[in-house]
Amino acid sequence: MVKKIFVVDDDEMMSTLLEDYLTTKTFHEIKLFSTGEECLKNLREQPDVVILDFNLNSENKDAANGMQILESIKKINKYIHVIMLSGQDAYGTALQTIRKGAEDYVIKDEDAFEKIVAIIDGLS
């Protein structure tokens, strides 16, 4: 089954690399967003999965961060699977995102994209 996947990351290079990887490894429909607000405005498209940067908008203090966007997504539609992607390897941060409704927490390392594909493939 083809899934609709939103990738939300303010790092354009990371988004593009992830999109390229997902496109070569899967047949899913991928849409990129550089802000959480853009993602939220497009939730009416009913994505199956949102891959969300934890440190979203760390340079723009007026914009929502990844945790705030996760909470908003879950309020709008609790059935959307959210995979949090982060450079932080703190156990507490990972646990906090899972408690807020994230499907999984993936650390940005050399295996991150492969882990994301495995998680997506495991979703019903």
Side-chain angles (χ1 to χ4, degrees):
M1 180 180 115
V2 175
K3 292 180 174 68
K4 185 177 292 188
I5 300 172
F6 285 5
V7 175
V8 187
D9 198 323
D10 53 0
D11 180 340
E12 185 179 339
M13 182 191 280
M14 177 61 81
S15 292
T16 302
L17 288 171
L18 181 53
E19 177 185 35
D20 290 348
Y21 188 86
L22 290 171
T23 301
T24 61
K25 299 291 182 182
T26 72
F27 296 102
H28 303 307
E29 179 184 337
I30 315 296
K31 286 191 83 169
L32 303 181
F33 300 97
S34 59
T35 69
E37 289 79 7
E38 284 180 68
C39 172
L40 293 176
K41 287 179 188 173
N42 287 278
L43 284 183
R44 67 188 176 288
E45 294 180 30
Q46 299 183 7
D48 300 292
V49 180
V50 175
I51 301 169
L52 180 61
D53 179 29
F54 180 82
N55 288 320
L56 190 63
N57 300 322
S58 59
E59 300 299 317
N60 181 357
K61 300 302 179 195
D62 294 330
N65 63 37
M67 187 64 78
Q68 293 166 322
I69 297 301
L70 168 63
E71 291 173 350
S72 295
I73 290 169
K74 289 301 181 173
K75 284 180 187 171
I76 293 167
N77 183 341
K78 66 182 180 180
Y79 299 107
I80 295 174
H81 300 286
V82 178
I83 300 170
M84 192 66 76
L85 184 60
S86 177
Q88 297 185 32
D89 62 356
Y91 176 76
T93 302
L95 187 58
Q96 183 182 12
T97 63
I98 300 297
R99 285 184 176 154
K100 295 285 185 179
E103 190 73 32
D104 214 322
Y105 183 92
V106 176
I107 297 167
K108 291 180 181 177
D109 62 16
E110 63 275 355
D111 298 324
F113 294 174
E114 189 176 320
K115 291 174 188 172
I116 289 169
V117 169
I119 294 165
I120 292 169
D121 286 349
L123 299 173
S124 54

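The two residues C39 and V50 have their closest heavy-atom pair at SG-CG1, 4.2 Å. In this structure, H28 and K3 approach most closely via the heavy-atom pair ND1-N, 2.9 Å. In terms of heavy-atom proximity, D53 sits nearest to D9 at OD2-OD1, 3.3 Å. In terms of heavy atoms, G66 sits closest to L56 at N-CB, 3.7 Å. The shortest non-hydrogen separation linking S15 to L32 is O-CD2, 3.8 Å. Summarising the geometry of S86 relative to N55, their closest heavy-atom pair is OG-ND2, 4.3 Å, with the distance given to 0.1 Å.
Residues satisfying the side chain to side chain contact (heavy atoms under 4.5 Å, CB included) criterion with H81, sequence neighbours excluded, are V49, E103, L123. Legend: residues meeting ring pair (Phe, Tyr, Trp, His ring centres under 6.0 Å) with F54, ordered by chain and number and at least two apart, are absent.
For R99, the CZ atom counts as loosely surrounded, since its 6.0 Å shell holds 12 or fewer non-hydrogen atoms of other residues, nucleotides or ligands. Annotation: M13, atom CE; neighbour count of heavy atoms from other residues, nucleotides and ligands within 6.0 Å does not exceed 12. Taking a 6.0 Å sphere around CD of E45, one finds it holds more than 12 heavy atoms contributed by other residues, nucleotides or ligands.
Interatomic distance, K41 NZ to L43 CG, rounded to the nearest 0.5 Å: 12.0 Å. Considering NZ of K74 and CD1 of I80, their distance stands at 7.5 Å, rounded to 0.5 Å. Atom CG of D109 and atom CG of D89 lie 9.5 Å apart (nearest 0.5 Å). Considering CD1 of I5 and NZ of K31, their distance stands at 13.5 Å, rounded to 0.5 Å. Atom-to-atom distance recorded for I107:CD1 and M84:CE is 13.0 Å, nearest 0.5 angstrom. In this structure, the separation between OG1 on T23 and CD on E29 is 10.5 Å, given to the nearest 0.5 Å.
Sorted by first and then second residue, the ring pair (Phe, Tyr, Trp, His ring centres under 6.0 Å) pairs with a member in residues 91-124 read Y21-F113; sequence neighbours excluded.
A side-chain donor from one of E38 and S34 sits under 3.5 Å from a side-chain acceptor of the other.
Cluster annotation: L40 and V8 are assigned to the same hydrophobic cluster (Ile/Leu/Val/Met/Phe/Trp/Tyr, side-chain heavy-atom contacts under 4.5 Å, transitive). Under the 4.5 Å side-chain heavy-atom criterion for ILVMFWY residues, no single connected hydrophobic cluster contains both F6 and L22. One hydrophobic cluster, built from ILVMFWY side chains closer than 4.5 Å, cannot hold both I116 and F33; they sit in different ones. Under a hydrophobic-cluster definition in which Ile, Leu, Val, Met, Phe, Trp and Tyr are linked whenever side-chain heavy atoms come within less than 4.5 Å, directly or via other members, L17 and I120 are assigned to the same cluster.
Side chains of I51 and L18 form a contact here, defined as non-hydrogen atoms less than 4.5 Å apart. Between D10 and T35 there is no side-chain heavy-atom pair separated by less than 4.5 Å.
Put simply, the side chain of E71 never gets that close to the backbone of Q68: no donor and acceptor are under 3.5 Å apart. D48 places a side-chain N or O within 3.5 Å of a backbone atom of K4 that can act as its donor or acceptor partner.
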Steps toward side chain to side chain contact (heavy atoms under 4.5 Å, CB included) verdict (V82, T97): CA-CA 10 Å; V82 178; T97 63; over 6 Å; no
